[in-house]
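Notes follow once the structure below has been shown.
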Amino acid sequence: MMSRAMNKLLLEGKTGVIFGVANKRSIAWAIAQSLANEGMRLAFTYQGDRLKESVEALAGGLKGSLILPCDVTSDEEINAVFAAVDKEFGKLEAVVHSVAFAPREDLETDFINTSRAGFKTAHDISAYSLVAISKAALPLMEKAGGGSILALTYLGASRAVEGYNVMGVAKASLEASVRYLAANLGPKNVRVNAISAGPVNTLAARGIKGFTGMLHHHAEKAPMRRNVELEEIANAGLFLVSPMGSGITGEVMFVDCGYNIVGL
Ligand code: NAP
């Protein structure tokens, strides 16, 4: 309250890296805007030249931002991101991991038919990448005296959600990784948390069979009788990343208008 009165932004002088902006509807972009609005300087990664332009167009509007290529299946590319961030920022307070992928055929089939290759890919991109990114970010966060890492997950990690299939199993692995990383990195003052978001109409979500039906169902059954807004996920992200969330680590926080508490 006092700092607001003095017009000091919550994240002034702090820096962050955002993985997972594909376009203006991406959850990563909503969170990035909320962090930038509070003064955080950001680096953005994009996967492949296909997304370069769209990430440049969005991030280019934010003062002092960096834009770097990164396919999270490559340790070399992950290390190159943090080397560039070290050179430019010299330290790091935040990482947002908003990346997920599973091959369409593995998402669409009955779970029992998941292929070995599809299972591996889903886990590599959607869960292991958090471990690899955290490891590469750690020396920079230690330079800052601590930091905060945030991942995005979904209820399909703990419940069998029709159509979510292998992605649910990968999200269970992601959530367990959040807890183990939090336990490892807590003594270094690095916090690791996840937001479990209700369904939002994004590029990745459209890969889920029956996604529109899922949106309607959530809005009908959620205690708040509506779907979550991108801005609400972004606000929760700001809370967890910023000093406002300083006592919280290893947590999976639902931002889903209460859908997860409902039985029938
Ligand atoms: P999105 O805009 O499509 O973002 C997903 C991002 O992951 C894209 O930028 C995508 O890039 C990137 N990605 C995929 N494979 C990658 C790789 N190998 N290397 C680097 N980046 C890669 O969709 P979103 O809904 O905002 O998803 C963000 C996160 O929120 C995901 O973890 C998702 O599971 C989670 N989430 C989403 C919802 C929802 O309903 N939308 C709900 C709960 C949780 P490409 O486009 O190039 O693949």
Side-chain angles (χ1 to χ4, degrees), residues 3-4 6-72 77-100 129-130 133-134 136-137 140-141 143-152 190-191 193 195 197 200-204 228-245 255:
S3 63
R4 312 297 289 172
M6 290 161 68
N7 271 343
K8 190 170 181 307
L9 298 175
L10 208 49
L11 300 174
E12 215 167 278
K14 310 248 193 270
T15 58
V17 184
I18 311 285
F19 290 84
V21 174
N23 56 40
K24 66 176 193 302
R25 277 211 270 245
S26 294
I27 293 173
W29 176 239
I31 296 174
Q33 285 174 288
S34 72
L35 300 180
N37 285 343
E38 286 296 334
M40 185 172 267
R41 187 174 172 204
L42 296 172
F44 292 85
T45 69
Y46 61 87
Q47 191 214 176
D49 285 339
R50 190 173 48 88
L51 287 183
K52 189 176 180 198
E53 263 178 45
S54 108
V55 176
E56 273 175 353
L58 291 170
L62 300 178
K63 209 173 120 211
S65 57
L66 278 184
I67 298 158
L68 304 159
C70 187
D71 179 334
V72 298
E77 291 191 23
I78 290 174
N79 289 334
V81 165
F82 289 96
V85 168
D86 191 12
K87 197 164 164 237
E88 199 64 29
F89 296 171
K91 54 145 186 120
L92 187 67
E93 281 90 1
V95 165
V96 176
H97 174 288
S98 188
V99 167
S129 60
L130 180 72
I133 286 169
S134 299
L140 282 174
M141 290 192 162
K143 279 202 206 178
S148 176
I149 299 171
L150 177 69
L152 272 301
V190 174
R191 301 183 293 109
N193 293 292
I195 287 176
V200 185
N201 197 356
T202 63
L203 206 59
V228 70
E229 303 281 340
L230 269 174
E231 200 187 340
E232 294 171 317
I233 301 171
N235 286 339
L238 171 63
F239 165 69
L240 284 173
V241 165
S242 77
M244 302 287 282
V255 184

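Basis for what follows: all heavy atoms, side chains included, without hydrogens, waters or symmetry-related copies.
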### Query
Does the salt bridge (charged side-chain N to carboxylate O under 4.0 Å, His left out) test come out yes or no for Lys91 and Asp86, once each step is laid out?
CA-CA 6 Å; Lys91 54 145 186 120; Asp86 191 12; over 6 Å; no
May I have the step-by-step check of side-chain contact (heavy atoms from CB on, under 4.5 Å) for Val21 and Tyr46, ending in yes or no?
-> CA-CA 7 Å; Val21 174; Tyr46 61 87; over 6 Å; no
Do the side chains of [Y] and [X] get nearer than 4.5 Å, heavy atoms only?
{"X": "Glu77", "Y": "Val72", "value": "no"}
{"X": "Lys24", "Y": "Leu58", "value": "yes"}
{"X": "Pro69", "Y": "Val81", "value": "no"}
{"X": "Leu62", "Y": "Gln33", "value": "no"}
{"X": "Asn193", "Y": "Ile149", "value": "no"}
{"X": "Ser134", "Y": "Val95", "value": "no"}
{"X": "Trp29", "Y": "Asn23", "value": "no"}
{"X": "Phe82", "Y": "Leu140", "value": "yes"}

Contact summary for [X] and [Y], nearest pair of heavy atoms:
{"X": "Gly90", "Y": "Lys143", "value": "O-CD, 3.2 Å"}
{"X": "Gly64", "Y": "Arg41", "value": "O-NE, 2.6 Å"}
{"X": "Glu93", "Y": "Ala144", "value": "OE2-CB, 3.7 Å"}
{"X": "Gly20", "Y": "Thr45", "value": "N-OG1, 4.2 Å"}
{"X": "Ile67", "Y": "Gly60", "value": "CD1-N, 4.4 Å"}
{"X": "Ser65", "Y": "Phe44", "value": "CB-CE1, 4.1 Å"}

In this structure, are over 12 heavy atoms from other groups packed under 6.0 Å from Glu231 atom CD? no
Atom [atom1] of [X] and atom [atom2] of [Y]: how far apart are they, to the nearest 0.5 Å?
{"X": "Ile18", "Y": "Leu66", "atom1": "CD1", "atom2": "CG", "value": "12.0 Å"}
{"X": "Phe239", "Y": "Met244", "atom1": "CZ", "atom2": "CE", "value": "7.0 Å"}
{"X": "Leu42", "Y": "Thr15", "atom1": "CG", "atom2": "OG1", "value": "8.5 Å"}
{"X": "Leu10", "Y": "Asn37", "atom1": "CG", "atom2": "CG", "value": "11.5 Å"}
{"X": "Ile233", "Y": "Ile31", "atom1": "CD1", "atom2": "CD1", "value": "7.5 Å"}
{"X": "Leu238", "Y": "Leu240", "atom1": "CG", "atom2": "CG", "value": "9.0 Å"}

Any donor and acceptor pair, going by atom type alone, linking the side chain of [X] with main-chain N or O of [Y] inside 3.5 Å?
{"X": "Arg191", "Y": "Gly146", "answer": "no"}
{"X": "Glu232", "Y": "Glu229", "answer": "yes"}
{"X": "Ser26", "Y": "Ala28", "answer": "no"}

Begin with the C-alpha distance, continue with both residues' side-chain angles, and end with the deciding distance and a verdict on side-chain contact (heavy atoms from CB on, under 4.5 Å) for Val85 and Leu68. CA-CA 9 Å; Val85 168; Leu68 304 159; 4.2 Å; yes
| message | Evaluate Phe19 against Val96 for side-chain contact (heavy atoms from CB on, under 4.5 Å), listing each step before the verdict. | response | CA-CA 6 Å; Phe19 290 84; Val96 176; over 6 Å; no
Working note: Val200 + Arg25, criterion side-chain contact (heavy atoms from CB on, under 4.5 Å); need CA distance, chi angles, decisive distance, verdict.
CA-CA 9 Å; Val200 185; Arg25 277 211 270 245; over 6 Å; no
- Does a salt bridge link Lys14 with Glu38, judged by any charged N lying under 4.0 Å from a carboxylate O? no
